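What follows is one structure encoded as structure tokens, with my remarks underneath.
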2 protein chains.
Amino acid sequence: MTKSKFQMIYDELVGHIENGDLKANELLPSENELAESFKASRETIRKALKLLSEHGYIQKMQGKGSVVLDVTKINFPISGLVSFRELADKMGKRAKTDVVGLEEQLMTADMQEQFQMKEATNVWNVKRVREIDKERIILDKDYLLTSLVPGLTINICEKSLYAYIEQVLGLTISFAKKEITVERPTEEDKELLDLKEYDTIVVVKSHVYLDDATMFQYTESRHRPDKFRFVDFARRTR
Amino acid sequence: MTKSKFQMIYDELVGHIENGDLKANELLPSENELAESFKASRETIRKALKLLSEHGYIQKMQGKGSVVLDVTKINFPISGLVSFRELADKMGKRAKTDVVGLEEQLMTADMQEQFQMKEATNVWNVKRVREIDKERIILDKDYLLTSLVPGLTINICEKSLYAYIEQVLGLTISFAKKEITVERPTEEDKELLDLKEYDTIVVVKSHVYLDDATMFQYTESRHRPDKFRFVDFARRTR
DNA sequence: TAGTGGTCTAGACCACCGA
DNA sequence: CGGTGGTCTAGACCACTAT
């Protein structure tokens with residue numbers, strides 16, 4: 001499982017940007033120069049630069065060159081597809097997960113709808129409360145196909161579900177469709193979270209898919225409004 | 001300004017997916033077959049498929065092929081970088097914009113911070129209320145550099161600011177950094193919007209940049225919570 | 001005009017999948 | 001095994017920007 005050449009070039013350039021070798025508003029060397037110094041063809045360099053551009057590290061300008069963007073502001077992506085554990089690790093917060101429910105059950109009609117399946121099969125129903133700095137901020141309600149994700153335990157759910165799925169089961173999580181809305185808190189929300197006096201709750205619904213395009217997980221992540229933050233980098237498509 | 005070949009191939013394939021010629025869960029023809037039928041090289045086909053993949057239309061599977069995803073669910077992107085006018089047009093809602101403020105002023109210290117400028121210059125301060133189905137739902141507060149966007153009028157702000165910037169001024173809007181949070185409504189929010197009894201408001205802050213990486217606009221878009229919806233398609237990056 | 005990025009090509013080799 | 005997508009190359013031509 002060796003990385004591709006353009007990925008390694010991307011990684012190296014990201015390193016140079018993040019540690020300050022390449023500063024904001026500086027121009028990168030030209031594609032031809034990069035091709036020479038990395039001993040790669042120009043198209044390979046361009047694949048690496050494409051990645052940098054998509055992730056908001058650089059802006060390409062025809063006829064001029066590629067300029068480094070100021071990345072200090074964005075940079076912690078709740079955008080994208082990242083697990084709570086990965087996020088908490090990155091932010092260095094005192095985070096704790098409390099598994100308040102874990103059971104196997106037959107899909108409800110509502111779940112069957114979400115998974116778009118013709119027949120109801122068994123799913124794991126996982127409920128987890130996320131505590132940050134001693135406050136219960138997030139309620140995660142996960143539903144996972146037991147056929148694809150067997151052998152769940154409380155211990156796994158406390159640590160990282162995604163680590164188990166990817167590293168133990170060897171599945172590849174590939175993409176997700178997400179929807180953010182704001183709703184009224186339910187009795188369950190009020191019971192399980194430290195909601196204070198808020199009368200709204202931010203709900204992130206996700207449909208998560210493997211690399212063969214099968215959906216294996218539906219999640220509702222319910223956040224106390226004052227602690228919710230979503231950051232995004234978007235390019236205009238025409 | 002003719003489109004590139006891979007863009008045209010992308011457009012044609014999107015057409016086939018959206019009108020049902022290519023249905024969800026069907027496999028696309030192989031890259032070699034597509035190359036032949038479009039009279040293009042395989043790399044060019046691959047650029048088109050890369051776009052389809054990024055936009056959530058297909059999933060590529062090594063050794064197997066590219067499968068069409070079910071796009072009926074996502075498909076109206078509040079994600080990305082789209083103006084209110086473009087969105088309203090696409091959704092066919094009865095939408096109306098009321099310009100409640102338009103003035104040129106010297107940047108405040110706060111704005112200078114947002115624009116990361118060494119010296120304060122003049123900006124347009126535009127306030128617009130968006131009405132959907134007779135309800136005042138969104139308050140947009142825009143700040144634009146007058147040096148880059150001269151000659152604003154109420155009429156322009158009522159129609160589409162982006163159309164003016166791109167089509168009349170000939171500037172190219174390229175990317176944005178966005179942040180979604182939830183705050184307490186201000187007196188101004190309560191005054192200008194039909195907030196009902198809600199005690200929170202969804203705030204989308206955007207820094208918007210041109211293709212030469214200069215920031216020209218800062219926007220706060222303030223939404224009544226029950227009408228806010230953000231849809232996203234995200235691929236897992238490793 | 002020279003240098004930049006944008007596109008396109010034809011061919012090669014590899015890793016993965018299914019029969 | 002043959003067919004699929006994944007990567008990489010060397011070279012060509014174009015559009016754009018600076019000077």
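When reading the values below, keep in mind they use all heavy atoms of this one structure, side chains included, and skip hydrogens, waters and symmetry mates. Please read these numbers as outputs of a predicted model, since none were measured by experiment. Here is how names work: the chains are called A, B, and so on, in the same order as the sequence lines, proteins then strands, and each is numbered from 1.
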Check: B/Ser30 main-chain N/O paired with B/Glu33 side-chain donor or acceptor under 3.5 Å: yes
Any A/Thr44 side-chain nitrogen or oxygen under 4.0 Å from OP1 or OP2 of D/dT9: yes
Qualifying salt bridge (Lys or Arg N to Asp or Glu O under 4.0 Å) pairs, either residue in residues 48-57 of chain B, two or more places apart: A/Lys50-B/Glu54, A/Glu54-B/Lys50, B/Lys50-B/Glu54
Upstream residue (5' side of DNA chain C) when A/Leu49 and B/Ser41 are each assigned their closest nucleotide: A/Leu49
Which residues share a salt bridge (charged side-chain N to carboxylate O under 4.0 Å, His left out) with A/Lys5, sequence neighbours left out: none
Integer-rounded Å distance: D/dT7 P and A/Met8 CE: 12 Å
Under the side-chain hydrogen bond (donor to acceptor under 3.5 Å, both in side chains) test, residues paired with B/Lys47 that sit two or more places apart: none
Listed nucleotide nearest any side-chain atom of B/Lys60, set D/dG5, C/dT9, D/dT9: D/dG5
For A/Gln105, side-chain hydrogen bond (donor to acceptor under 3.5 Å, both in side chains) partners two or more places apart: A/Asn125
Contacts of type ring-ring contact (aromatic ring centres under 6.0 Å, His included), residue B/Tyr218, not counting sequence neighbours: B/His207
Distance, rounded to the nearest Å, where A/Ile58 contributes CD1 and C/dT4 contributes P: 15 Å
Residues within residues 23-38 of chain A bordering DNA chain D, heavy-atom distance below 4.0 Å: none
Separation of atom CE in A/Met61 from atom C1' in C/dG3, rounded to whole Å: 14 Å
Rounded interatomic separation in angstrom, taking NZ from A/Lys47 and C1' from C/dC8: 13 Å
Of the listed nucleotides D/dC8, C/dA10, C/dT7, the one nearest the side chain of A/Arg46: C/dT7
Touch class at under 4.0 angstrom, heavy-atom based, for B/Lys39 against every strand present: sugar-phosphate
Residues forming a ring-ring contact (aromatic ring centres under 6.0 Å, His included) with A/Tyr10, sequence neighbours excluded: A/His55
Between P of C/dG5 and CG of B/Asp211, the distance in whole Å: 15 Å
Which residues share a side-chain hydrogen bond (donor to acceptor under 3.5 Å, both in side chains) with A/Glu104, sequence neighbours left out: A/Asn122
Chi angles and distances behind the salt bridge (Lys or Arg N to Asp or Glu O under 4.0 Å) call for B/Asp11, B/Lys3: CA-CA 10 Å; B/Asp11 289 343; B/Lys3 274 195 182 167; 2.9 Å; yes
Spacing of A/Ile45 atom CD1 relative to C/dT7 atom C1', expressed in whole Å: 17 Å
Annotated protein contacts, base or backbone, on nucleotides 11-19 of chain D with a non-hydrogen cut-off under 4.0 Å, one of B, S, - each: -B--BBSS-
